[in-house]
Amino acid sequence: MNYKYLLEVYDILISEIQNSKMLTTEQITIMLQNVVPESYLIYQIDFVKNNAKSNFKISDAIHNLHPNAPVLKKGQSEPSEEGLKCLPKIEEQLKIQDKDKSYVWGRDSSKMYILINCSLEELPKENLFFFYYNWVLKNELEPTKRRIKEIISKLCTKEQIHDFIHKKQSNIESFLNKTIQRINPETIVNLYRFSNNDIEKNCFRLIYIYVEKLMRHIEKDYYKYLDKNSQVSLKTILETKKEIENKYGEIKTYGVDLQFDKKLMVLIEESFSKIMKLKLFQNITYKELSYSVEFMTEFLDLIKNNRDLTSEINLKECLLMLNFNTLGFFDYYTDEIKKVLEIQETDIEKIKILFKCLKNTNQKFLLIENKCNSKLPTAKKQIISWIEEEIYYLNQKRMLLPVSNSKNENQEEETKLLTGLSVPQLSYFFGLLIQTGILQPKTHRAVFRFIADHFKTKMADTISVDSLNSKYYNIETTTKNAVREKIIELLNCTKF
């Protein structure tokens with residue numbers, strides 16, 4: 001059947017399920033008989049040795065049309081002697097001595113399967129419906145992949161392919177999220193686990209699983225065309241999560257031996273907890289997932305190849321090279337420099353220290369191009385900008401010092417202007433002035449220092465430059481809305 005759009009077959013199936021337009025048992029049976037060569041129940045038998053005695057465990061029967069049924073090839077291996085000895089007892093326990101059956105032995109002697117033939121008419125209607133939809137979805141997957149390939153082969157430019165893949169990403173992402181809402185699972189495990197009594201949700205699970213397989217095909221075959229800011233498929237995250245957790249476990253072990261700074265280790269764990277403590281409806285982008293894998297891989301290699309990382313200073317520089325550009329790391333890094341500056345007696349000595357830090361930071365090379373936080377500048381750029389602004393401030397202070405000393409010592413301190421805006425709102429408002437070109441400062445920090453020197457709020461007489469800087473790069477929606485209202489008030493004042 002030719003469908004008008006890529007996901008039409010899945011929309012049709014969902015509509016059938018929701019409206020209870022199920023086919024009759026006879027119709028489903030006839031259709032399955034026409035396309036399925038065999039119908040049988042599978043019992044998996046696991047052999048276990050306890051004190052040189054053979055024992056066995058029988059799993060619940062599963063139909064060969066069930067999506068979780070094992071894929072079996074008859075004649076995989078020769079039966080084991082121990083298995084043959086247990087066979088009469090197994091058949092007696094299952095009460096299948098007189099059943100039409102066959103055996104498939106696993107590749108090793110620890111497993112075997114008993115296949116009991118059964119007609120489709122013997123199965124409950126709900127099971128038939130479920131098996132039929134599994135067959136439809138399974139057989140629709142490959143043609144859908146081919147349609148994607150055919151469409152892409154007809155596109156002339158990379159831009160057209162990018163646009164096509166981005167649209168499919170967006171459509172599939174939206175479809176999967178809506179399907180999760182229909183299933184309404186309590187946990188990620190329940191999303192993929194079929195229940196025994198809810199055929200409707202089981203069918204929704206089937207649809208989710210197969211559409212996710214389609215998304216993973218796009219991820220694998222057309223990765224370079226993906227929108228890296230889009231959401232990664234949940235199955236891909238789950239598989240990658242194991243790799244990240246294993247590597248982080250190794251890093252923690254080395255961290256204890258090498259006495260890594262606990263604050264930095266907490267910052268690392270907090271940054272990747274979104275993946276390691278994965279929850280439903282958590283939006284993780286390809287950039288975030290890619291950075292997490294790169295970070296853990298490069299970090300572990302650095303530790304293994306440089307076992308002299310025995311201090312937090314070296315670990316700090318290591319994180320800088322790994323482009324760990326979180327606000328927490330920026331605060332930690334700059335606080336460490338401030339501690340050194342505080343013990344210097346003169347501004348000249350402070351400037352010398354800062355220039356040395358600037359040289360060392362400039363000479364650092366980034367091992368990872370991706371950033372931990374895609375909305376912020378690179379870790380290196382943040383630190384360099386901060387150091388340059390500190391140097392600029394100290395130089396300006398030295399230039400203004402003679403003028404300041406010549407003034408009357410009893411001169412009253414300049415009064416700060418009281419503003420009705422909060423600190424985050426001040427930072428955002430002046431940021432808008434910079435973005436629109438109304439203010440054209442040499443550095444952002446110079447503006448933040450001006451605000452700190454000349455403004456106070458109803459809640460604080462003293463405003464921190466670092467606080468303004470942090471709020472500038474981490475704007476909350478409530479802050480934007482409050483400033484927008486003030487700007488509207490200003491516009492209203494211009495009316496005649």
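Residues take their numbers from the sequence shown, with the count starting at 1.
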Q | Between OG1 on residue Thr477 and CZ on residue Arg484, distance to nearest 0.5 Å | A | 9.0 Å

Q: Report the residues that fulfil side-chain contact (heavy atoms from CB on, under 4.5 Å) with Lys201, sequence neighbours left out, ordered by chain and then residue number.
A: Asn184, Asp198, Arg205

Q. Step by step, would you call Thr285 with Gln231 a side chain to side chain contact (heavy atoms under 4.5 Å, CB included)?
A. CA-CA 5 Å; Thr285 67; Gln231 185 176 336; over 6 Å; no

Q. Where is the tightest heavy-atom contact between Gly431 and Tyr472, given as atom of each residue plus distance?
A. CA-CE1, 3.6 Å

Q | For Leu155, side-chain contact (heavy atoms from CB on, under 4.5 Å) partners two or more places apart | A | Gln160, Ile161, Phe164

(Q) Could you walk me through whether Glu140 and Arg147 satisfy the salt bridge (charged side-chain N to carboxylate O under 4.0 Å, His left out) test, starting with their C-alpha distance in whole Å, then the side-chain angles of each, then the deciding distance to 0.1 Å, before giving a yes or no? (A) CA-CA 11 Å; Glu140 181 59 30; Arg147 285 201 296 275; 3.1 Å; yes

Q. More than 12 foreign heavy atoms under 6.0 Å from CD of Gln97: is that the case here?
A. yes

Q. So, Lys101 side chain and Ile96 main chain: donor-acceptor pair closer than 3.5 Å or not?
A. yes

Q) Salt-bridged, Arg216 to Glu239, with N to O below 4.0 Å? A) yes

(Q) Between Phe130 and Phe194 (judged by ring centroids, cut-off 6.0 Å), do the two rings come close enough to count as a pair? (A) yes

Q.
Between Ser470 (side chain only) and Asp466 (backbone N and O only), is there a donor and an acceptor less than 3.5 Å apart?
A. no

Q. Do the side chain of Thr334 and the main chain of Phe330 share a donor and acceptor less than 3.5 angstrom apart?
A. yes

Q: Kindly compute the distance separating NE2 (His162) from OH (Tyr225), expressed to the nearest 0.5 Å.
A: 6.5 Å

**Q.** Nearest-0.5 Å distance, CD of residue Glu212 to CD1 of residue Ile207
**A.** 13.5 Å

Q) With a 4.5 Å heavy-atom cut-off, do Phe299 and Leu367 have their side chains touching? A) no

Q.
Less than 4.5 Å apart, side chain to side chain, heavy atoms only: is that true for Leu322 and Glu294?
A. no

Q: Compare every heavy atom of Thr378 with every heavy atom of Asn325, then report the nearest pair and how far apart it is.
A: CB-C, 3.9 Å

Q. Is the distance between the ring centroids of Tyr133 and Phe129 less than 6.0 Å?
A. yes

Q) When you measure from the side chain of Glu126 to the backbone N and O of Ile199, does any donor-acceptor pair fall under 3.5 Å? A) no

Q. Is any NZ, NE, NH1 or NH2 atom of the basic residue among Arg146 and Glu142 found under 4.0 Å from an Asp or Glu carboxylate oxygen of the other?
A. no

**Q.** ring-ring contact (aromatic ring centres under 6.0 Å, His included) partners of residues 265-290, not counting sequence neighbours, each pair once
**A.** Phe272-Phe295

Q.
Counting C-beta onward and ignoring hydrogens, is there a side-chain heavy-atom pair between Cys372 and Asn323 closer than 4.5 Å?
A. no

Q: Find out whether the Lys NZ or Arg CZ of Lys316 is both under 6.0 angstrom from the six-membered ring centre of Tyr333 and within 45° of the ring's axis.
A: yes

Q. Would you say Ser427's side chain and Val423's backbone share a donor-acceptor pair under 3.5 angstrom?
A. no

Q. Is Lys149 atom NZ crowded by more than 12 heavy atoms from other residues, nucleotides or ligands, each under 6.0 Å away?
A. no

**Q.** Lys235 to Tyr192 six-membered ring, cation-pi geometry met (6.0 Å, 45°)
**A.** yes

**Q.** Any side-chain heavy-atom pair of Glu476 and Lys480 under 4.5 Å
**A.** no

Q.
My understanding is that only residues two or more places apart in sequence, or in another chain, count here; which of them pass side-chain contact (heavy atoms from CB on, under 4.5 Å) with Ser422?
A. Pro424, Gln425

Q. Partners of Lys241 by side-chain hydrogen bond (donor to acceptor under 3.5 Å, both in side chains), sequence neighbours excluded?
A. Glu245

Q.
Could you tell me if the side chain of Lys279 sits less than 4.5 Å from the side chain of Ile188, heavy atoms only?
A. no

Q: State whether Lys304 and Glu250 are salt-bridged, where the test is any N-O pair (Lys NZ or Arg NE/NH1/NH2 against Asp/Glu carboxylate O) under 4.0 Å.
A: yes

Distance-only criterion, 3.5 Å: show the donor-acceptor pairs between side-chain atoms of residues 57-68 and protein atoms not counting sequence neighbours.
residue, atom, partner, partner atom, Å
His63, ND1, Leu65, N, 3.0
His63, NE2, Ser39, OG, 2.8
Asn64, OD1, Tyr40, N, 3.0
Asn64, ND2, Glu38, O, 3.2
His66, ND1, Asn68, N, 3.0

(Q) With side-chain hydrogen bond (donor to acceptor under 3.5 Å, both in side chains) as the criterion, how do Thr236 and Ser233 come out once you've worked through the C-alpha distance, each side chain's angles and the decisive distance to 0.1 Å? (A) CA-CA 5 Å; Thr236 299; Ser233 65; 2.7 Å; yes

Q) Atom CE in Met215, atom CD in Glu219: separation rounded to 0.5 Å? A) 4.5 Å

Q: Find out whether Leu137 and Tyr10 are in side-chain contact, i.e. whether some heavy atom of one side chain is under 4.5 Å from a heavy atom of the other.
A: yes

Q: Given side chain to side chain contact (heavy atoms under 4.5 Å, CB included), test Lys168 with Asn171 step by step and report yes or no.
A: CA-CA 5 Å; Lys168 297 309 122 186; Asn171 293 342; 3.8 Å; yes

Q) Do any N or O atoms from the side chain of Ser292 and from the backbone of Glu288 form a donor-acceptor pair under 3.5 angstrom? A) yes

Q) Short question: side chain of Lys213, backbone of Tyr208 - any donor-acceptor pair under 3.5 Å? A) no

Q: First locate atom CG of Leu327, then atom CG of Asn469, and finally report the distance between them rounded to the nearest 0.5 Å.
A: 8.5 Å

Q.
I want to check something: taking the side chain as every heavy atom from C-beta on, are Ile152 and Ile165 in contact at a cut-off of under 4.5 Å?
A. yes

Q | Nearest-0.5 Å distance, CD of residue Glu243 to NZ of residue Lys247 | A | 4.0 Å

Q) How close do Met276 and Glu269 get, heavy atom to heavy atom, and via which atoms? A) CE-O, 4.2 Å

Q. So, the side chain of Thr179 versus the backbone of Phe175: is there a donor-acceptor pair under 3.5 Å, distance only?
A. yes

Q | Partner of Ile114 by side chain to side chain contact (heavy atoms under 4.5 Å, CB included), out of Ile90, Ile42, Leu41, Val104 | A | Ile90

Q: May I ask you to check if Lys371 and Phe324 form a cation-pi contact, with NZ or CZ under 6.0 angstrom from the six-membered ring centre and within 45° of the axis?
A: no

Q: Assess whether side chain to side chain contact (heavy atoms under 4.5 Å, CB included) is satisfied between Tyr332 and Lys263, documenting all intermediate values.
A: CA-CA 9 Å; Tyr332 179 93; Lys263 289 182 181 178; 4.1 Å; yes

Q | side chain to side chain contact (heavy atoms under 4.5 Å, CB included) evaluation trace for Lys252 with Tyr248 | A | CA-CA 6 Å; Lys252 284 183 72 174; Tyr248 182 67; 3.1 Å; yes

Q) Are the side chains of Leu32 and Leu128 in touch, meaning some heavy atoms are under 4.5 Å apart? A) yes

